[in-house]
Amino acid sequence: MTKRELAPSFIPADIEPRLYQHWVDSGYFTADSSSPKEPFTIVIPPPNVTGNLHIGHALDQTLQDCLTRMKRMQGYEALWLPGMDHAGIATQNVVEKQLAAQGLTRHDLGREEFVKKVWEWKAESGGQILGQMKRLGDSVDWSREAFTMNETLSQAVLTIFKKLYDQELIYRAERIINWCPRCLTALSDIEVEHQDDEGEFVSVRYGDGEQSIVVATTRAETMMGDGAVAVHPDDPRYQHMIGTEVLLPLVNRMIPIIADELVDPDFGTGAVKVTAAHDPNDFEMAVRHNVPFVVIMNEHGVMDGTGTEFDGMDRFEARVAVVAKLKELGRVVAEKRPYIHAVGHCSRCDTTVEPRLSKQWFVKVAPLAKAAGDAVRDGRVKIEPEELAPRYFEWVDGMHDWCISRQLWWGHRIPVWYGPNGEVIVVGPGESAPAGYEQDPDVLDTWFSSALWPFSTLGWPNQTEDLKKFYPTSVLVTGYDILFFWVARMMMFGLFAMDGVPPFGTIVLHGLVRDQFGKKMSKSKGNVVDPLEFIDKYGADALRFTLARGSNPGKDQALAEDWIAGSRNFATKLWNATRFAMMNGATVEGDLPAVDSLNAIDKWILSRLSETTAQYTELLSTYEFARASEVIYHFAWDDLCDWYLELSKEAFASGNAQSTQRVLGFVLDQLFRLLHPVMPFITEELWTTFTGGETLMNASWPIVDVSHLDKSAEELITQLQRVITEVRRFRNDQGVKPSQKIPGRFIAPADVAQYSSAMAFLLKLELVDFTASASVEIGAIKCELDLSGAVDVEAERTRLEKDLATAKKDLATAEVKLNNQGFMAKAPENVVAEIRERQAATTADIERITAQLAALK
RNA sequence: GGACGAUUGGCUCAGCGGUAGAGCACCACAUUGACAUUGUGGGGGUCACUGGUUCGAUCCCAGUAUCGUCCA
């Protein structure tokens, strides 16, 4: 318990690496599954193995660390479990890009070699983000670090696949799926991003003469795959044509005109082409009406099999050529160009998605999604903030079956084997396929394994101690942007795999970090910021505090470097205040003196501390990070530094401050504890230095002491603050320099007068005998001063007139209310009393100020 | 097209049925001690618009406008 000296100034880089290493080495982050303490569990939203720490991670992780550290201090067995996601497409793309630089494709290497290459890459440069998490100060349990492609997590994947398959919740079917012609794989609905693109809307006449119909399309190139034309069954324009056939131009095939409810008669001409193999809506209609599937494009999005001149053209090239040809044939009735409409793009490479008829594996989501919705509906799982719950319901209640097969090599290979005679078997963990069987070449969607994260990371399907202790997890903290991608899927699989126990108790959704003007960060805009640069420049605590302070539930936040600098200033403030306290003998040793024995200043700060502790703890516990940060910031800076330390300086200077030394020590000790979850580094350094304790990480969370609440002390200090502020203002108006000492005295009731010397000390007044030349009145309290020279009458008059105007205005608004019969009759008593008090106070002010103005001559 | 949210000082955002708040920015003064990564004082908003409810509306309700996000 040897106390150390505090360095003269706060340099984050001097303390952060040392403290983090110490925490890890001491095992403070490691959770104990055999502990009798109540568990608190958070699993990290696993960053991509290809990823770098971006500002969104910094926010997400700051909030998680805040909660984890607070709960740990509150006596929970806190586990924050870290790990990474293998990120199928993203990772495969990165490694393929590296190969491309050498002029190679993955096919040159072959599947086995390629996958080996990805693992190698993962080992050497993947997981950079883990190092970056350490810079941020994340108190994650490194001994439990997980990776979706690890052995145990892969076992979990096999287990659940088989379980779902056995319950007929996984099936294989030929459907229209989203296809990326560049990645050459199927995509799920949510891996498709819709953008408003400029296209064209061409109306084409099918058939001739009487037997003709005009269809409008944005995708003319697919017309060669048309199997029908569809109209709404009630559309009067086309009644006579339903059931007949028209000629399909270019390929000169007769196709039927069918009637289907799906057609919107108000859209375009009310007649649409039905291209069963190349459009999901058309597919549905085609199934209903037995329309043939005509495939006219290969997997690269190149026209193929039409038997026309267009074969071999890229789809976009073909679109132009087809329209040109139709024009030539006189079949184009109208053209709208540009025509803005929503087009799907691959979320990984931005290529325009091509709907493609193909055989894929699907999860039948209806029963799973129902359960996922119900868990929130019946309150077993809470979504914070509540406003975002409708979005969740909208999605889980209207979810399509989930396409889970991907034509990739990097990922969990689908555990389905096909026999020589068309047998299909699913090979679970520990099982093997019979000889002569071949495994499905595809892998599973990355989100399939991510959906298992809350329990696969705890050892499931094995009934591990971790699983028993830490499942279900307490809170899931993540951005609202992956509510659908990830959260809903964890809910579905968690409920399914864990016998109806949802994977978490509360889903805490935060927003996105935007630039200082509230614009979305993007590489193309060049407004992306690097959290590591900020950590280097201002320290991790400053970045964390800024992010927490900006984090209102479910809302995006703007971030500017200036705000981070402001947080760094706050850290510096804490540092300097602690140095000052230590210089003046603040201590945590010995009992806190009985509150009755303390002066009002000490009573006041203890009261404020209790209030702050209560508010702050409540706010953090309800995920109100911004408001919590605001509360603690103002307590530390305003109450503690600007007022308490200032008001106590006289006591310290007089050498008679034993109680205050102890109170200050107590307040600092508690403040460090409260701030530790958000600013772990500086608080650890200050606390261990100041108290000589081993670590703040395991110190107990402050408890509100109601016996410290003291309204009368608060009222008294409020009075002192008013007096001080008014006298300062007077000095300022009179041009008296802040450092200049002038004679002064207070004429005040005893309870205020008692603190004359404290006030005089910070107002730079000398309590000596003198003849007053000026005075400041604050209600019943008067401060007389000797300006030893001419008072600036004009400045004084200006000020008094301004005060008078304000008082008169306030009186007027109060009297309007009091003269309003409706108000007097219906307003609650306490409000009326308040207005009456205001009337009395402003009346007194007006009298006083008027008298002062008259005295000025 | 559907849904949700937003509109408050120069900027970014809190708040809320009873005299408008913060941070940053701005103006003035101050540098022999905790802190210029500072202190003190100050200026600045008819709370998008139009109606309604109410004794009282920035806050509740309806409509309008603009912006944003998600879904189709």
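Proteins get letters first, then strands, A, B, ... in listed order; numbering begins at 1 in each.
Electrostatic pairing of D397(A) and R377(A) counts as a salt bridge here, judged by a charged N lying under 4.0 Å from a carboxylate O. Using a 4.0 Å cut-off between charged nitrogen and carboxylate oxygen, K808(A) and E815(A) do not count as a salt-bridge pair. The pair R729(A)-D803(A) counts as a salt bridge, with a side-chain nitrogen and a carboxylate oxygen less than 4.0 angstrom apart. Between R391(A) and E394(A), no side-chain nitrogen of the basic residue sits less than 4.0 Å from a carboxylate oxygen of the acidic one, so the salt-bridge criterion is not met.
A heavy atom lying under 4.0 Å from RNA chain B marks the following residues of residues 553-562 of chain A, by number: K555(A), A558(A), D562(A). The stretch residues 382-401 of chain A comes close to RNA chain B through R391(A), E394(A), each having a heavy atom under 4.0 Å from the strand.
At a threshold of 4.0 angstrom between heavy atoms, the contacts of Y538(A) with the nucleic acid are absent. Nucleic acid contact for R731(A): none, since no nucleic acid atom lies under 4.0 Å from a heavy atom of the residue.
Note: CG (N552(A)) to C1' (G21(B)) measures 14 Å, nearest angstrom. The separation between F517(A) atom CZ and G10(B) atom P is 15 Å, rounded to whole Å. Here the C1' atom of nucleotide C29(B) and the NZ atom of K764(A) are 14 Å apart, to the nearest Å. The CZ-P distance, from R627(A) to G23(B), rounds to 17 Å in whole Å. If you take CD1 of I632(A) and P of A22(B), they are 19 Å apart, rounded to a whole angstrom. Taking atom CD on Q516(A) and atom P on C24(B), their separation rounds to 15 Å, with Å as the unit.
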Pairs under 3.5 angstrom, nitrogen or oxygen only, protein versus nucleotides 56-61 of chain B, please.
none

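Geometrically, R549(A) engages Y633(A) in a cation-pi contact, judged by NZ or CZ lying under 6.0 Å from the ring centre and within 45° of the ring axis. A cation-pi arrangement is present between R489(A) and W402(A) under the rule of less than 6.0 angstrom and at most 45 degrees off the ring axis. By the 6.0 Å and 45° rule, K649(A) stacks over the aromatic ring of F580(A). Judged by the 6.0 Å and 45° rule, R728(A) forms a cation-pi pair with W643(A).
Nucleotides C13(B) and A30(B) are separated by 37 Å at their P atoms, to the nearest Å. As rounded to the nearest Å, C26(B) and G33(B) have C1' atoms that lie 30 Å from one another. U32(B) and U19(B): their C1' atoms are spaced 45 Å apart (whole Å).
The two atoms that bring S648(A) and I601(A) nearest to each other are OG-CG2, 4.0 Å, heavy atoms only. Across G539(A) and P12(A), no two heavy atoms sit closer than the pair CA-CB, 3.5 Å.
Contact annotation: the side chain of I632(A) approaches that of L671(A) to within less than 4.5 Å [non-hydrogen atoms, C-beta and beyond].
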Given pairs defined as Watson-Crick or G-U wobble with both distances under 3.5 Å, what dot-bracket annotation applies to RNA chain B, with ( ) intrastrand, [ ] crossing, | other strand and . unpaired?
(((((((..((((....[..)))).(((((.......))))).....(((((..]....)))))))))))).
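Side-chain rings of W687(A) and F672(A) stay apart, their centers remaining 6.0 Å or farther from each other.
Annotation: H400(A), atom NE2; neighbour count of heavy atoms from other residues, nucleotides and ligands within 6.0 Å does not exceed 12.
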B/S/- contact track for nucleotides 30-42 of chain B, protein heavy atom under 4.0 Å
S---BB-BSSBSS
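For the residue pair N569(A) and Y538(A), no side-chain donor N or O sits within less than 3.5 Å of a side-chain acceptor on the partner. Donor-acceptor pairing under 3.5 Å is lacking for the side chains of T842(A) and D810(A).
With sequence neighbours left out, the ring pair (Phe, Tyr, Trp, His ring centres under 6.0 Å) criterion links F545(A) to F570(A).
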